[in-house]
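In this text, all values refer to a predicted model and were calculated from it rather than measured experimentally. A, B, ... follow the sequence lines: proteins, then strands. Residue 1 opens every chain.
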There are 2 protein chains.
Amino acid sequence: MDLLETRELRYFVTVAEELHFGRAAERLGIAQPPLSRAIQRLERRLGVRLLERDRRGVALTDPGRVLLVEARTTLDAATAAVHRTRRAASSRERLVLATKAGADHELLRELLDAYAAEPDAVEVEVVLCGIGEQRRLLRDGRADAALLHRPFDPLAEFDTEDLLTVGRIAVLPAGHPLATRPSLSMAEVTGLPDLPAARWPDHDGNYPPGPGPEFRDQSQLAQMIALGRATVVICASAHTWLWDEHTAVPLTDAPPITTVLAWPPHSRSPALAGLVRAAGRLEGHRRVGRAATR
Amino acid sequence: MDLLETRELRYFVTVAEELHFGRAAERLGIAQPPLSRAIQRLERRLGVRLLERDRRGVALTDPGRVLLVEARTTLDAATAAVHRTRRAASSRERLVLATKAGADHELLRELLDAYAAEPDAVEVEVVLCGIGEQRRLLRDGRADAALLHRPFDPLAEFDTEDLLTVGRIAVLPAGHPLATRPSLSMAEVTGLPDLPAARWPDHDGNYPPGPGPEFRDQSQLAQMIALGRATVVICASAHTWLWDEHTAVPLTDAPPITTVLAWPPHSRSPALAGLVRAAGRLEGHRRVGRAATR
DNA sequence: AGACGTTACGGTCACCGTAATCATA
DNA sequence: TATGATTACGGTGACCGTAACGTCT
């Protein structure tokens, strides 16, 4: 009763992303006509119109939008099958941990050290990926676990263990008038006419509207702020990568950010279990430490 | 990079389930040789040996076991894509709720009534399925939500809302000596030589070892107990289907069972949101009611 | 010899690419 | 007229079924 081949799904996803048969066919490495026919076949088999082809191009229908997300998760599951099977076959076991480049330096170090102390610790490969890419790495099996951030990353589909909760800071150019303040409120740093808030991509890869510059990784952001062209409100643990030209000011009224260790819920590997145990120990120690210093 | 077609995965899963190329080919409706070649192709592409074919049949390797679960989730995702896309295309919206046949009568009634009171309630189709089948219906998109039971059903992969927690009862033949007792302990009802505990299938469809009779649905169970051949420890809400020949005795030391409403975590439908809201209201009322009667 | 998985071989159908056609701005 | 999707058409390759083969009990 599953009449969809992954090739067809891949075709559909590409067309849905490009909204243009020509470009989609080029990305897929085939000619347009076979692609057109494949989509028609898909629509005929499902009995559902997926794309609206009228004047001025192609648009997704409502069922088409549903299929787009379902097809993506199916394709992710298929590539996860490849990765996890190959991983299981490789002789020496290892864990792949995905994290955003440039974030959580110290925490990551602590976690790796804590895990290394586990009795049956295996090699941990750290994969640095772009903003918001960790979840896809988890879904398609390229990573066994990842560091995510609440409330930014949707966590519903994963199991998680809290690691560390910190406040937020505003990162300003060193010479800015507000940079001398000991703390700031959200209201004071939003809507500054001379310092627009930088914008980063959401989970669909699109940028929210606004006057600030778009950026895609932490180095772009750092440079833009150092140039005095932008500001950003960000996790306090980001202080590790600040430049001399930056000033970090704590925010009093911004909701805190929790870094969590996340993994696919059905994972059964003992190595991953060890990593989770290490994460729990880390968080436990931290809690005890906090309680003791009160 | 996803080189696996769903047809190949279906072939592999069937062989892995049958552990016999001939029977698997028959189930798939093809001849053995193409099946043999397809599996070889799969192994070659993955670079992994999935099956051990020596004398006395076929066995799964460790990577083969990994691929079996990954392939199942991939196939479930593919059929979910079909179901959800078709559902989205159908004009009138509806919800499909899966529940074990013969369980949670009253609770289900309450839930449906509570949901019907929602402002934008849509038609709810109730699908009765076999023991432990609800999770698969959720995964492959045949159902939008299901009633599951903690701690029996693994809930990691779903979002859930607690509905009702009740104790457990022992169901005995009406004439049994223990049937006159006001309550019992687990120790008293396990290991009775004259009344073995009935066994039901676990999540893989296998039966745990033991002397008691195997059963697959509630009517078989009821008959077997009425005949004086078995006993069972079961959710207290099961009292709705007891016969005159049955006696239910509460257990004092058995962990309680919670019926939960479960749904796929990425669901975005407003109709489902309404059902969850109704479930929350139900549980809230119940909690208030309990508190008031204390 | 029997059971069962694999190799050999020939045919068909699905998919692809090139070329022509249709629709729209 | 130009752009972009669809239909027409011929070819190749993937997959299947039948038949022969190997291997172990």
(Q) Which residues pass the salt bridge (Lys or Arg N to Asp or Glu O under 4.0 Å) test with B:R94, not counting sequence neighbours? (A) B:E125
Q. For residues 15-28 of chain A, which residues have at least one heavy atom under 4.0 Å from DNA chain D?
A. A:H20, A:F21, A:G22
Q: Please identify each residue that fulfils salt bridge (Lys or Arg N to Asp or Glu O under 4.0 Å) with B:R229, with sequence neighbours left out.
A: none
Q.
Below the 4.0 Å mark, does C:dT7 have OP1 or OP2 next to a side-chain nitrogen or oxygen of B:Q40?
A. yes
Pairs of donor and acceptor atoms involving the side chains of residues 136-143 of chain A, under 3.5 Å and at least two apart or interchain, shall be tabulated with distances.
unit_1: A:R136; atom_1: NH1; unit_2: A:D76; atom_2: OD1; d: 3.4
unit_1: A:R139; atom_1: NH1; unit_2: A:E157; atom_2: OE1; d: 3.3
unit_1: A:R139; atom_1: NH1; unit_2: A:E157; atom_2: OE2; d: 2.9
unit_1: A:D140; atom_1: OD1; unit_2: A:R142; atom_2: N; d: 3.1
unit_1: A:D140; atom_1: OD1; unit_2: A:R142; atom_2: NE; d: 3.1
unit_1: A:D140; atom_1: OD2; unit_2: A:R142; atom_2: NE; d: 2.9
unit_1: A:D140; atom_1: OD2; unit_2: A:R142; atom_2: NH2; d: 2.8

Please list every donor-acceptor pair under 3.5 Å in which a side-chain atom of residues 25-36 of chain B meets a protein atom from a residue at least two apart or in another chain.
unit_1: B:R27; atom_1: NH1; unit_2: B:E17; atom_2: OE1; d: 3.3
unit_1: B:R27; atom_1: NH1; unit_2: B:E18; atom_2: OE2; d: 2.9
unit_1: B:R27; atom_1: NH2; unit_2: B:E17; atom_2: OE1; d: 2.8

Using a cutoff of under 3.5 Å, can you pull out all pairs of nitrogen or oxygen atoms linking the protein to nucleotides 14-16 of chain C, with atom names and distances?
unit_1: C:dC15; atom_1: OP2; unit_2: A:R41; atom_2: NH1; d: 3.4
unit_1: C:dC16; atom_1: OP1; unit_2: A:Y11; atom_2: OH; d: 2.5

**Q.** Under the side-chain hydrogen bond (donor to acceptor under 3.5 Å, both in side chains) test, residues paired with B:E133 that sit two or more places apart
**A.** none
Q. Any Lys/Arg nitrogen of A:R87 or A:E93 sitting under 4.0 Å from an Asp/Glu carboxylate oxygen of the other?
A. no
Q. When the distance from CD of A:Q32 to C1' of C:dA20 is rounded to whole Å, what number comes out?
A. 14 Å
Q) Under 4.0 Å between a side-chain N/O of B:S36 and OP1 or OP2 of C:dG5, yes or no? A) no
Q.
Taking side chain to side chain contact (heavy atoms under 4.5 Å, CB included) as the definition, give me every residue that meets it alongside B:D159, ordered by chain and number, with sequence neighbours left out.
A. A:A156, B:W263, B:P265
(Q) Could you work out, with salt bridge (Lys or Arg N to Asp or Glu O under 4.0 Å) as the rule, every residue matching B:R92, not counting sequence neighbours? (A) B:E123
Q) Who pairs with A:R65 by side-chain hydrogen bond (donor to acceptor under 3.5 Å, both in side chains), at least two apart in sequence or on another chain? A) A:D62
Q | A:E52 CD to C:dT24 C1', straight-line distance once rounded to whole Å | A | 16 Å
**Q.** Span of DNA chain D, from the first to the last nucleotide whose atoms fall under 4.0 Å of chain B heavy atoms
**A.** D:dC15 to D:dT25
Q | Pairing residues for B:E118 by the salt bridge (Lys or Arg N to Asp or Glu O under 4.0 Å) criterion, not counting sequence neighbours | A | B:R277, B:R281
